[in-house]
Amino acid sequence: MASTKPQVHVSGLARRLIQDNLLEDEQAHQLYQEALRKRTPFVTHLVENKILDSGEIATAASQEFGVPLFDLDVIDPESIPIKLVDEKLIRAHHALPLFKRGNRLFLALSDPANLHGLDEIKFHTGLTTEAVVVEESKLSKTIEQALQDNESQMSDLLDTDLDNLDIAIDDESDRNQDDDLDVDDAPVVRFVNKILLDAINSGSSDVHFEPYEKTFRVRYRQDGMLHEIASPPVNISNRLTARVKVMSRLNIAERRVPQDGRIKMVLSRNRSIDFRVNTCPTLYGEKVVLRILDPTSAQLGIEALGFDADQEKDFMEAIRKPYGMVLVTGPTGSGKTVSLYTALNLLNQPDINISTVEDPVEIQVAGINQVNLNPKVGLTFAAALRAFLRQDPDIVMVGEVRDLETAEIAVKAAQTGHLVLSTLHTNDAPQTLTRLANMGIPPFNIASSVLLIMAQRLARRLCPHCKAADDVPKEALLEEGFKEEDLDDLVVFKPVGCNRCTKGYKGRVGIFQVMPVSEVMGRIIMEGGNSLQLADQAEKEGVSTLRRSGLKKVKEGITSLEELNRVTKE
C-alpha cells in the first residue's frame with residue numbers, strides 16, 4: 001500500500017546534499033521541517049546541531065548554484081561596509097555585505113537560495129545584490145563581530161534607533177499643518193532617516209533626492225563630488241519627497257514653486273545636526289536638496305585648514321588687528337564659510353562683541369550674535385550692517401559683499417575701528433581689489449581699509465592607505481608648472497581606491513593664496529592699477545599663486561595633479 005505521508009518540498013541546497021550522499025532523504029526532510037518550526041535557516045540548523053560540517057555545506061552550495069566560494073578568514077573586518085545594510089536585515093536573512101563595486105553589493109550567504117533576502121536587501125539599499133557562498137560557522141562569527149564593531153562606533157552618535165530619531169522643527173510658524181501628515185509608512189520613515197544618518201557619518205555636505213521619468217536616485221556630495229548611493233523604486237518618490245517636506249515643515253500640497261525649510265536631527269545629548277532643505281519642481285516631480293550644517297566643521301583649528309607656515313602667519317596677523325577688512329574669495333563650495341568661522345572661533349572671547357549676518361546662517365556658534373538675511377522684510381546685508389554699528393561691535397562678519405551699498409558700509413566700518421570679515425566671488429586675490437573698485441568704492445578707501453585678501457579652493461586629499469606613485473614624464477611636470485629645482489626627488493602620487501576611501505580620495509585640503517595688502521599695492525590701487533599689476537607686485541613680495549600653492553600640495557603627496565587641475569586652471 002502506498003504511503004500517505006505528506007511530502008515536504010526541500011530547498012535546492014537540501015536536494016544537493018541528498019544527491020551528494022551527505023544526508024539521507026528522510027533525514028533531510030525531517031531536519032528541514034525542524035528548521036521551519038524553529039524559524040531557523042536550514043544551513044544554520046545543520047551546523048548548530050553538528051549534522052554536517054559548514055565547509056561541506058558551502059562547497060555543495062557553491063556547486064549547486066554556480067556561486068563563488070569565499071573564505072571569510074581572508075577579509076579585514078574593518079573593511080566590511082556594514083553600514084550599507086540595516087542590522088535587522090542582516091540578522092533576518094543571515095547575510096553580510098562584503099564589498100561594493102559600483103552599483104553592485106556582494107553579500108556573503110551560507111545558503112544562496114535565499115532569494116527573498118537578496119531582493120529585500122536590494123530594495124532597501126537600492127543596489128544590485130549578488131550572492132557569495134561562505135561557511136556558516138564563519139559567517140555567524142563575522143556577522144556578530146562586524147555588528148559589534150559598528151555598534152561601538154555609533155554609540156556616541158546615536159542613542160535611539162532610526163524610527164525614533166529626535167527631529168526638531170526649526171520654524172514654528174508652519175505648525176498649523178495636520179499632525180496626521182507626520183505619520184508615514186514605516187519603511188519610508190526608516191529609509192529617509194537612514195539616508196540622512198549615513199550622509200552625516202560619511203562626511204557628506206549635501207544630499208540630493210532626484211526624480212526622473214523611470215528612475216529615482218539619491219546622491220551624496222562627498223569631498224565636493226556627487227556620488228549615487230541609492231536608487232529606490234520610482235513609485236515611492238512622491239512619498240519620500242513628502243516625508244522630507246513633513247520633517248522640514250513645508251507645505252506638502254504645494255508642488256509648483258520652490259520652498260525652503262530646515263530640519264534639526266538630534267544625535268545625542270551633545271550633538272545635533274541641522275539640514276537646510278530646498279525643494280524645486282522638475283519635469284517628473286520635486287527635486288529636494290539638503291545641505292548638512294555641522295557645527296563641528298568650523299571647529300577644526302587653524303592648522304587643519306591646510307595653510308603653509310607663511311600663509312598662516314599672515315592670516316593670523318590680519319585677524320588679530322583691531323580694525324580693517326579681511327576678505328575671503330573663491331567659488332561656491334570652496335570652504336570660505338569654514339575659513340571665516342575658524343577665524344571667528346579663534347577671536348570669540350567673553351570680552352569681544354562679534355556680530356554676523358548671513359544668507360542663511362549655516363553654522364551656529366555660542367557667543368556670536370548671528371542674524372539671518374530676510375529681504376522680504378527689508379533685512380538686507382546693508383540694513384543689518386547699519387544695525388550692528390549701533391550695537392558697539394568689535395568684529396563684524398558679512399556673509400557676502402554683493403552690492404555697492406554693503407561694500408560702502410563695510411569699508412566705513414573697517415575705517416572706524418572695527419574688524420570686518422567678508423567674502424567676495426572672484427577668481428584670485430588681486431582681482432578682488434579691482435572688483436571693489438569696479439563696484440564704485442573709491443581707490444583710497446580700498447587702500448586704507450583692506451588688510452588682507454585670501455583666495456581659496458578645496459582639493460580632495462589622496463587616501464594615505466592606497467595612493468600610488470605616478471610615472472609622469474619630466475616634460476609634463478614642467479608644463480604643469482613645476483620648476484627644474486622642484487624635480488629633484490619629486491614623487492607625484494595618483495588615486496587608486498580602497499574600502500577606506502572614495503575613488504582614491506578621503507577628505508579635502510585647502511589651497512590658498514594669502515595676500516596682505518602692502519603699501520606698494522595700496523599705491524597701485526590709488527593710481528588706478530589693474531589686477532595684472534597687483535599680481536606682479538604680489539609675486540615680487542613672495543605671495544604664492546593658487547597654482548603654486550597647489551603644486552606644493554602635490555609635491556608633498558597630499559593631492560594629485562589631476563585633482564589640482566580640476567580646481568585650479570591657469
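Applying the 6.0 Å contact sphere to NZ of Lys506 captures no more than 12 heavy atoms from other residues, nucleotides or ligands.
When the salt bridge (Lys or Arg N to Asp or Glu O under 4.0 Å) test is applied to Arg101, no partner is found at least two apart in sequence or on another chain. The ring pair (Phe, Tyr, Trp, His ring centres under 6.0 Å) test applied to His94 returns no partner, not counting sequence neighbours. Every residue meeting the side chain to side chain contact (heavy atoms under 4.5 Å, CB included) condition with Arg461, not counting sequence neighbours, appears here in chain and number order: Val509, Ile558. For the ring pair (Phe, Tyr, Trp, His ring centres under 6.0 Å) test, no residue two or more places apart in sequence or in another chain qualifies with Phe70. Looking at residues two or more places apart in sequence or on another chain, you find no ring pair (Phe, Tyr, Trp, His ring centres under 6.0 Å) involving Phe209. A search for side-chain hydrogen bond (donor to acceptor under 3.5 Å, both in side chains) contacts involving Glu358 returns Tyr341, Thr356, not counting sequence neighbours. Under the rule for a side-chain hydrogen bond (donor to acceptor under 3.5 Å, both in side chains), the partners of Arg402 that lie at least two apart in sequence or sit in another chain are Asp359, Glu400. In this structure, the ring pair (Phe, Tyr, Trp, His ring centres under 6.0 Å) partners of Phe99, at least two apart in sequence or on a different chain, are Phe106.
A donor and an acceptor atom, one from each side chain of Thr342 and Asn345, are nowhere located under 3.5 Å apart. Between the side chains of Asn238 and Glu286, no donor-acceptor pair is found at a separation under 3.5 Å.
Residues Lys194 and His124 are not in side-chain contact: their nearest non-hydrogen atoms beyond the backbone lie 4.5 Å or more apart. Side chains of Gln513 and Met454 form no contact here, defined as non-hydrogen atoms less than 4.5 Å apart. Within the 4.5 Å cutoff, side-chain heavy atoms of Val207 are placed close to those of Tyr220. Using a 4.5 Å heavy-atom threshold, the side chains of Cys463 and Tyr505 count as separate. Taking the side chain as every heavy atom from C-beta outward, Asn427 and Leu546 never approach each other to under 4.5 Å. Taking 4.5 Å as the limit, every side-chain heavy atom of Met225 sits out of range of all side-chain heavy atoms of Lys503. Proximity of Val188 to Leu240: side-chain heavy atoms (C-beta onward) are separated by under 4.5 Å at one or more points. Annotation: side chain of Cys466 is in contact with side chain of Cys501 (closest heavy-atom distance under 4.5 Å).
Residue pairs meeting the salt bridge (charged side-chain N to carboxylate O under 4.0 Å, His left out) criterion with at least one member in residues 112-127, sequence neighbours excluded, do not occur. Contacts classified as salt bridge (charged side-chain N to carboxylate O under 4.0 Å, His left out) and involving residues 208-217 (residues at least two apart or in different chains) are given here: Glu210-Arg217, Glu210-Arg219, Glu210-Lys287. For residues 328-337, no residue pair satisfies the salt bridge (charged side-chain N to carboxylate O under 4.0 Å, His left out) rule, not counting sequence neighbours. Pairs passing the salt bridge (charged side-chain N to carboxylate O under 4.0 Å, His left out) check and including a residue from residues 129-142, sequence neighbours excluded, read Asp71-Lys138, Asp73-Lys138, Arg104-Glu130, Glu135-Lys138.
Residue Ala95 comes nearest to Ile143 through the heavy atom pair N-CD1, 4.2 Å, listed as atom of the first residue, atom of the second, then distance. Shown here for Lys494 and Ser560, the closest heavy-atom pair between the two residues is CA-CB, 4.5 Å. Among all heavy-atom pairs drawn from Leu96 and Ala146, the shortest one is CD1-CB, 4.3 Å.
Checking side-chain atoms of Ser237 against main-chain N and O of Val234 turns up a donor-acceptor pair under 3.5 Å. Judged purely by atom type and a 3.5 angstrom limit, Glu254 uses its side chain to pair as donor or acceptor with the backbone of Arg256. Arg435 places a side-chain N or O within 3.5 Å of a backbone atom of His425 that can act as its donor or acceptor partner. A donor-acceptor pair is defined here as one N or O able to donate and one able to accept, closer than 3.5 Å; no such pair exists between the side chain of Thr426 and the backbone of Thr329. Judged purely by atom type and a 3.5 angstrom limit, Ser204 has no side-chain atom pairing as donor or acceptor with the backbone of Asp206. Side-chain N or O atoms of Ser334 include none that pairs as donor or acceptor with a backbone N or O of Leu458 at under 3.5 Å.
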Determine whether Ser205 and Ile292 satisfy the following criterion, side-chain contact (heavy atoms from CB on, under 4.5 Å), listing intermediate values before the conclusion.
CA-CA 5 Å; Ser205 60; Ile292 301 173; 5.8 Å; no
Do Asp86 and Arg190 pass the salt bridge (charged side-chain N to carboxylate O under 4.0 Å, His left out) test, and can you show the C-alpha distance, the side-chain angles, and the key distance before you say yes or no?
CA-CA 10 Å; Asp86 185 72; Arg190 288 188 61 81; 2.9 Å; yes
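Contact check on Asp274 versus Arg291 returns no salt bridge, with no Lys/Arg side-chain nitrogen under 4.0 Å from an Asp/Glu carboxylate oxygen. Between Glu562 and Arg566 there is no salt bridge, since no side-chain N of the basic residue sits under 4.0 Å from a carboxylate O of the acidic one.
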